[in-house]
Amino acid sequence: MELSIRNFGAPGRAMVGVMQHARAGAARRSAFLLCRPYGQEAIRTSPMYRAISDRLAREGCDVLRFDYHGSGDSAGDESAQSLSLWVEDTMAAHELLLAEDPQRAVHWFGLGLGANIALRAAARARRVPRHLVLWDPVLDGPRYMQALCDSHRTELSRELGLEWHQLVRRGREREPALPGTVLGFPFGEKLCEELRHLRELPLAAAARRGVRLSCAVPEDDRPRLEGALDASRLTLHSLETRTNWMSTEAMGTAIVPQEVMRSLLSTLE
């Protein structure tokens, strides 16, 4: 399966992506855009995204995975980024994939914060994706920000072998704060402001444009989405397995949960 590095993006928004072409001899099917989360979650899901790309390419799909401007291998100031800017980056990546074959359907997949970014981009893209698979999106921004700070404390305590209160008392660490650097990555003012106001999943805006949605959330969160859209536009799943991608315990995990691949393969045309 052929891999190629793509450099793209609007002026001042340079990005790097990896295009994985369909396996030679496979019947050509839909293309896929894979939208990543940010920070440690992007690093720790990277092997899984590669595994997803490999499987989809074997099924006859061209697949693009990329780093938003100011993240991963893409140039830019991490602290100056925001959800709204990453939405623009996602639309640029979509245009790159469409240019490969304008007649072919394109589907998107996003995990965690990547799902939120993809959903917002789908509501604005020049040509909408055919199907959008949202996996464990952030449903409550302030709760997500608290989880980041909690994970920061947990990871440093594990790494340094002391309880968090001991590290703080001895002056070796300071309490994490947002905006600021958490889990080794900067979260700037604009990004944090958007996260503070993230209280719901705006499914209707994408659905009105004809996007077919699949969304997987924890069982306890299903009531928040049930009835949000007609079943013909939204397929709702309960997460069978949930990985804490903020934790080092997830580092290197390349195993793709079966329910993820089932959802992705069900979209193929």
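Basis for what follows: all heavy atoms, side chains included, without hydrogens, waters or symmetry-related copies.
- Ion pairing between Arg6 and Glu100 holds under the 4.0 Å rule for side-chain N and carboxylate O.
- Side-chain contact annotation: Thr267 with Arg130, donor-acceptor N/O pair under 3.5 Å absent.
- Within the structure, salt bridge (charged side-chain N to carboxylate O under 4.0 Å, His left out) pairs that include any residue of residues 255-268 comprise Glu240-Arg262 (at least two apart or interchain).
- Atom CD of Gln81 is separated from atom OG of Ser79 by 8.0 Å, given to the nearest 0.5 angstrom.
- Using a 30° and 60° split on the angle between ring planes, Tyr38 and Trp86 fall in the tilted class, from 30° to 60°.
- Residues Ser84 and Glu194 bring a donor and an acceptor atom of their side chains to less than 3.5 Å of each other.
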| Test log, rule salt bridge (charged side-chain N to carboxylate O under 4.0 Å, His left out), inputs Glu88 and Arg13 | CA-CA 9 Å; Glu88 298 289 339; Arg13 299 291 301 173; over 6 Å; no
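- In this structure, Phe187 has its ring center at least 6.0 angstrom away from the ring center of Phe185.
- Between His107 and Phe32, the ring planes lie perpendicular to each other; the angle is over 60°, past the 30° to 60° tilted range.
- The closest side-chain donor-acceptor pair between Ser157 and Arg153, if any, does not fall under 3.5 angstrom.
- For Trp108 and His131, the ring centers sit 6.0 Å or farther from each other.
- Side-chain contact between Tyr49 and Cys35: absent, with no pair of heavy atoms (C-beta onward) separated by less than 4.5 Å.
- Of the N and O atoms on the side chains of Gln20 and Asp62, not one donor lies less than 3.5 Å from an acceptor on the other residue.
- By the side-chain contact (heavy atoms from CB on, under 4.5 Å) test, Thr154 is found to be paired with Arg158, residues two or more places apart in sequence or in another chain being considered.
- Of the charged side-chain nitrogens involved, none lies within less than 4.0 Å of a carboxylate oxygen, so that Lys190 and Glu193 do not count as a salt-bridged pair.
- With a 4.5 Å cut-off between side-chain heavy atoms of Ile, Leu, Val, Met, Phe, Trp and Tyr, the cluster of Leu85 takes in none.
- One finds a salt bridge joining Glu95 and Arg126 here, because a Lys/Arg side-chain nitrogen approaches an Asp/Glu carboxylate oxygen to under 4.0 Å.
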